[in-house]
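One structure, pasted below without further comment.
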Amino acid sequence: MLRMSTLFLRTLRDDPADAEVASHRLLVRAGYIRRAAPGGFSWLPLGWIVFQNLERVVREEMDAAGFQEVHFPALLPKEPYELTGRWTEYGDNLFRLKDRRGADFLLAPTHEEMFTLLVKDLYGSYKDLPVSLYQIQTKYRDEARPRAGLLRGREFVMKDSYSFDIDDAGLQDSYDAHRAAYISLFERLELPYVIVSAMSGAMGGSASEEFLAPMDVGEDTFVRCTSCDFAANVEAVATSAPDAIPFDELPAAVVHDTPDTPTIATLVDCVNAADELRHPSRDWTAADTLKNVVVNVRQPDGSVEPLAIGLPGDREVDMKRLEAQLSPGVPEPFAEADFAKHPTLVKGYIGPGVLGTDNSSEIRYLVDPRIVDGTAWITGADTTGNHVINLTAGRDFTADGTIEAAEVRAGDACPNCGADVEIARGIELAHIFQLGRKYAEALELTVQNENGRPVTPTMGSYGVGVSRALAAIAEHSHDDIGLCWPREIAPADIHIVMAGKEGGPQRPAAEQLAATLEEAGLRILFDDRVKVSPGVRFKDAELIGVPTIAVVGRGVADEENPTIEVKDRRTGDRVDIPLADAVDHLIALCQP
RNA sequence: CGGGAUGUAGCGCAGCUUGGUUAGCGCGCCUGCUUUGGGAGCAGGAGGCCGAGAGUUCGAAUCUCUCCAUCCCGACCA
């Protein structure tokens, strides 16, 4: 039994000034966590109970699915991460340190290498597979910008699983098993989620989905169809390309003077204002223009190459989408000095005429998938103050390929069914993907097949942010006055509030109720504090968020028909229950 | 890493423009009395290297510079 008279807890009346999102604000105010370091939090007794409850639920679901738990050091030597390339590829987000002899170590951001080496260490036969292992551990990432409390720390707890299979069919089965386990987990945690297609990012790999909790505080943007069940992270949305248009009827491309038109807006105004440039039947819009953006792409080995991207002028480059496409390369701005090195690029008037590896700029040129053969564009003529009209793809220019870098907008066509898509934000709860053989090959994990030949297993990777999920639950399940935990992870089943004069019948009644319920197996948080006004007890109970609040107060003073008040934290509904029935009533409430 | 804001007691804030006693207020904390169904009242207390460092000055929370941290907005991820 947790007695508030002795519980290590101090609730705060005011919101902490540095907390913006509800979960952070309330977890600090209610005495669950304290900030201890940039991006790091200490867990207080109430918080640690909730955390461990959550961890237990995760563990139960994993074990039920037949996955086995292991545990690794967080402090790891560099060598395995060098073999897979991640010592460098992971970049600044990796915490690196040296031991007293100067040897390089890291604090693990994830443990793919260690799982792979562990299987290599012990298993050698196809008969040993499949196997799925998991860990629940603290991970370290030197985030450029930790924020929103537990939602994005530099130190956080992750449950990650890895599957090892002999072939693609087995991998698919393992993937499906994890997907099912995660659905079961999030249902049990009463967390809303959407499963979206995703990019595998820095981990490498192919088939990939994310579980997002659809909430505005989330950092991920995803797209979903208003008609069918398509949903994807915005990074993974494939633009549906229109059919190619025959060239036969299309007018020839003509270069025109368009003075002082370095931007799309000025260009559109200019071509609509000049009679000889006007569209025969309507006004030109930004969507008729072809915008060419040049960036530098830096690879992990430090090499830098320029890349030109062509996209309809009414769309911006979405940096997240672009980065996902270029990974592990990262885009950097194309600076004035870079323009100086490429005199064929005329800032504000760059056109496909000079772009492409076969043209004068020798810069790789990738275009938006909408720019199919036969589409005609107003675009830069590569000399200051000039644009070309009706420059037609496939006839007048050819790109080196396509790239998904243009922003996705609400109302765009669903790649699946063509209906409008909508855009929403979500918290990334989990990410599952098929890693393939990248790690197994790099670390030389092989097993023998039926013929005694070595074969490389294929792997899957499945992560759940445990500390983040706790914050997401708080984010999903709270109101203006405090938290409302799902019973399974709540710090207690019943919060007993004693309200009445010391010396009255309330204390003995509350003490006995608490003891009886505890004996019956319920978890009790008992506000037995003296010299604390009733208002404070009620406010604290609502802030702390135990799902059921039992008030032992004036009702028990009625000698004829003593009652207690039972309040549902989430709905606010209160009912008076005869004291004699209270135990049975409360026990019944806590049955699943 | 760029842009903006903020660092004063456990928490929330004032003071800074215009430098000048012992740095204030509310909450919380300690002592006593009263109070006990919605963050109680009275009285008395404790608690501060004013984010750090350097400088200007007779004198700095206050002015200057540098750093650090926090939060928000943009580029990474569970």
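Just so we're on the same page: letters track the sequence lines, and every chain starts at 1.
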*Given the C1' atoms of B/rU31 and B/rU70, what is the spacing between them in whole Å?*
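My reading of the C1' atoms in B/rU31 and B/rU70 gives 37 Å.
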*Rounded to the nearest Å, what distance is computed from the CD atom of residue A/Glu428 to the P atom of nucleotide B/rC77?*
9 Å
Polar-atom pairs under 3.5 Å, protein N or O versus N or O of nucleotides 31-33 of chain B: list them with distances, or write none.
none

*How far does the P atom of B/rU64 sit from the matching atom of B/rA69, given to the nearest Å?*
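After rounding to an integer number of Å, I get 22 Å for this pair.
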_Nucleotide paired to B/rU17 in any strand shown, Watson-Crick or G-U, under 3.5 Å_ = none
*Verify the distance criterion only: is there a donor paired with an acceptor across the side chains of A/Ser197 and A/Glu209 at less than 3.5 Å?*
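Side chains of A/Ser197 and A/Glu209: no pair found under 3.5 Å.
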_Distance, rounded to the nearest Å, where A/Lys567 contributes NZ and B/rG38 contributes P_ = 13 Å
*According to the 5.5 Å centroid and 30° plane-angle thresholds, does A/Phe156 stack upon the nucleobase of B/rA78?*
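Per 5.5 Å and 30° rule: yes, stacked.
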*May I ask you to check whether A/Phe211 and A/Phe186 place their ring centers less than 6.0 Å from one another?*
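Aromatic pair counts; centres sit under 6.0 Å.
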*Evaluate the side-chain proximity of A/Tyr182 to A/Ser161: yes if any heavy-atom separation is below 4.5 Å, no if none is.*
yes
*Paired with B/rG74 by Watson-Crick or G-U wobble geometry, both distances under 3.5 Å: which nucleotide is it?*
B/rC1
*asked:* For A/Tyr32 together with A/Trp485, are the ring centres under 6.0 Å from each other?
replied: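 Ring centroids of A/Trp485 and A/Tyr32 are less than 6.0 Å from each other.
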*B/rC73 and B/rC30, which share atom name P, separated by this distance in whole Å*: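 Result for the P pair: 38 Å, nearest Å.
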_If I pick the P atom on B/rA5 and the same atom on B/rC63, what distance separates them, to the nearest angstrom?_
15 Å
*Base-pairing mate for B/rA9 - Watson-Crick or G-U, with both contacts under 3.5 Å*: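 Looking at the geometry, B/rA9 pairs with no nucleotide.
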_Listing request: all salt bridge (Lys or Arg N to Asp or Glu O under 4.0 Å) pairs with a residue in residues 465-479 of chain A, at least two apart in sequence or in separate chains._
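Passing the test, one end in residues 465-479 of chain A: A/Asp479-A/Arg569.
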*Quick one: which of B/rG38, B/rG37, B/rG28 gets closest to the side chain of A/Arg10?*
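Shortest atom-to-atom distance from the side chain points to B/rG28.
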*Would you mind pulling out the nucleotide paired to B/rG32, Watson-Crick or G-U wobble, both distances under 3.5 Å?*
B/rC42
*asked:* Considering every strand and a 4.0 Å limit on heavy-atom distances, what is the contact class for A/Val532: base, sugar-phosphate, or nothing?
replied: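 Base contact.
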*Indicate yes or no: does A/Arg574 engage A/Asp568 in a salt bridge with an N to O separation below 4.0 Å.*
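Not counted as a salt bridge, because no side-chain N and carboxylate O are separated by less than 4.0 Å.
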*Using a 4.0 Å heavy-atom cut-off across all strands, classify A/Glu143 as base, sugar-phosphate, or nothing.*
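It contacts base atoms.
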_Counting the benzene-type ring for Trp, do A/His476 and A/Tyr193 have ring centres under 6.0 Å apart?_
no
*Please tell me which of the listed nucleotides, B/rC72, B/rC77, B/rG38, lies nearest to the side chain of A/Asp220?*
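Side chain of A/Asp220 sits closest to B/rC77.
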_By the 4.0 Å heavy-atom rule, please label A/Arg29 as base, sugar-phosphate, or nothing._
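Contact class for A/Arg29: base.
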*For A/Ser208 and A/His431, test the side chains for any donor-to-acceptor distance below 3.5 angstrom and give the result as yes or no.*
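Note: A/Ser208 and A/His431 side chains meet the donor-acceptor criterion.
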*asked:* For the CD atom on A/Glu502, are there more than 12 heavy atoms of other groups (residues, nucleotides or ligands in this structure) within a distance under 6.0 Å?
replied: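 More than 12 heavy atoms, drawn from other residues, nucleotides or ligands, come within 6.0 Å of this atom.
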*Considering only B/rC72, B/rC77, B/rG38, which nucleotide approaches the side chain of A/Arg574 most closely?*
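Closest nucleotide to the A/Arg574 side chain: B/rG38.
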*Side chain of A/Arg35: nearest nucleotide among B/rU70, B/rG37, B/rC29?*
B/rU70
*Quantified in whole Å, what is the C1' atom distance between nucleotide B/rA43 and nucleotide B/rU35?*
15 Å
*Contact class for A/Val551 vs. all strands (heavy atom < 4.0 Å): base, sugar-phosphate, or nothing?*
base
*Provide, to the nearest angstrom, the distance between the NZ atom belonging to A/Lys501 and the P atom belonging to B/rU36.*
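Spelled out: NZ on A/Lys501 to P on B/rU36 is 4 Å.
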*Scan A/Gly153 against the nucleic acid and name what it touches under 4.0 Å (heavy atoms): base, sugar-phosphate only, or nothing.*
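It contacts base atoms.
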*Which whole number of Å gives the distance between the C1' atom of B/rC29 and that of B/rC67?*
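About 34 Å, rounded to a whole number of Å.
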*Ignoring hydrogens and angles, answer whether the base of B/rC77 and the side-chain atoms of A/Asn93 contain a donor-acceptor pair closer than 3.5 Å.*
no
*Scan every strand shown for a Watson-Crick or G-U wobble partner of B/rU57, both distances under 3.5 Å, and answer none if you come up empty.*
none
*Partner nucleotide, any strand, of B/rC49 [Watson-Crick/G-U, under 3.5 Å]*: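 Paired with B/rC49, as far as the under-3.5 Å criterion goes, is no nucleotide at all.
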*Go through B/rA40, B/rG37, B/rU36 for me and flag the one nearest to the A/Ala499 side chain.*
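Minimum distance to the A/Ala499 side chain belongs to B/rG37.
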*Length of the line joining A/Phe51:CZ and B/rA78:C1', which is rounded to integer Å*: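 Roughly 12 Å, once rounded to whole Å.
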_Spacing between A/Arg147 atom CZ and B/rA78 atom C1', to the nearest angstrom_ = 15 Å
*Quick one: A/Arg425 CZ to B/rC77 C1', roughly how many Å, whole number?*
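To the nearest whole Å, that distance equals 14 Å.
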*Name the residue closer to the 5' end of RNA chain B, choosing between A/Leu543 and A/Ser467 according to the nucleotide with the nearest heavy atom.*
A/Leu543
_Atom-pair distance (NE2 on A/His111; C1' on B/rA78), nearest Å_ =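 Atom-to-atom, A/His111 to B/rA78, this comes out as 14 Å.
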*Paired with B/rG37 by Watson-Crick or G-U wobble geometry, both distances under 3.5 Å: which nucleotide is it?*
none
_When you compare the side chains of A/Thr138 and A/Glu155, does any donor N or O come within less than 3.5 Å of an acceptor on the partner?_
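No, A/Glu155 and A/Thr138 have no side-chain donor paired with an acceptor closer than 3.5 Å.
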*With distance as the sole criterion, is a donor-acceptor pair present between the side chains of A/Thr110 and A/Arg141 under 3.5 Å?*
no
_Tell me the interatomic distance from A/Lys539, atom NZ, to B/rU36, atom C1', rounded to whole angstroms._
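Roughly 16 Å, once rounded to whole Å.
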*Return the orientation label for the A/Tyr162 and A/Phe115 ring planes: parallel under 30°, perpendicular over 60°, tilted otherwise.*
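Ring orientation of A/Tyr162 relative to A/Phe115: tilted.
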What's touching nucleotides 6-13 of chain B from the protein side, N or O pairs under 3.5 Å?
| from | atom 1 | to | atom 2 | distance (Å) |
| --- | --- | --- | --- | --- |
| B/rG12 | OP1 | A/Ala17 | N | 2.7 |

*Can you tell me, in whole Å, how much space there is between the C1' of B/rC13 and that of B/rG7?*
13 Å
*Using a distance-only test with no angle check, is there a side-chain donor-acceptor pair under 3.5 angstrom linking A/Ser42 and A/Arg35?*
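Per modelled atom types, A/Ser42 and A/Arg35 side chains form no pair under 3.5 Å.
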*Could you give the distance separating B/rA9 and B/rG45 at their C1' atoms, to the nearest angstrom?*
15 Å
*How would you label the contact of A/Leu429 with the nucleic acid (heavy atoms, under 4.0 Å): base, sugar-phosphate, or nothing?*
sugar-phosphate
*To the side chain of A/Ser533, which of B/rA40, B/rA78, B/rC73 is closest?*
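Nucleotide nearest to A/Ser533's side chain: B/rA40.
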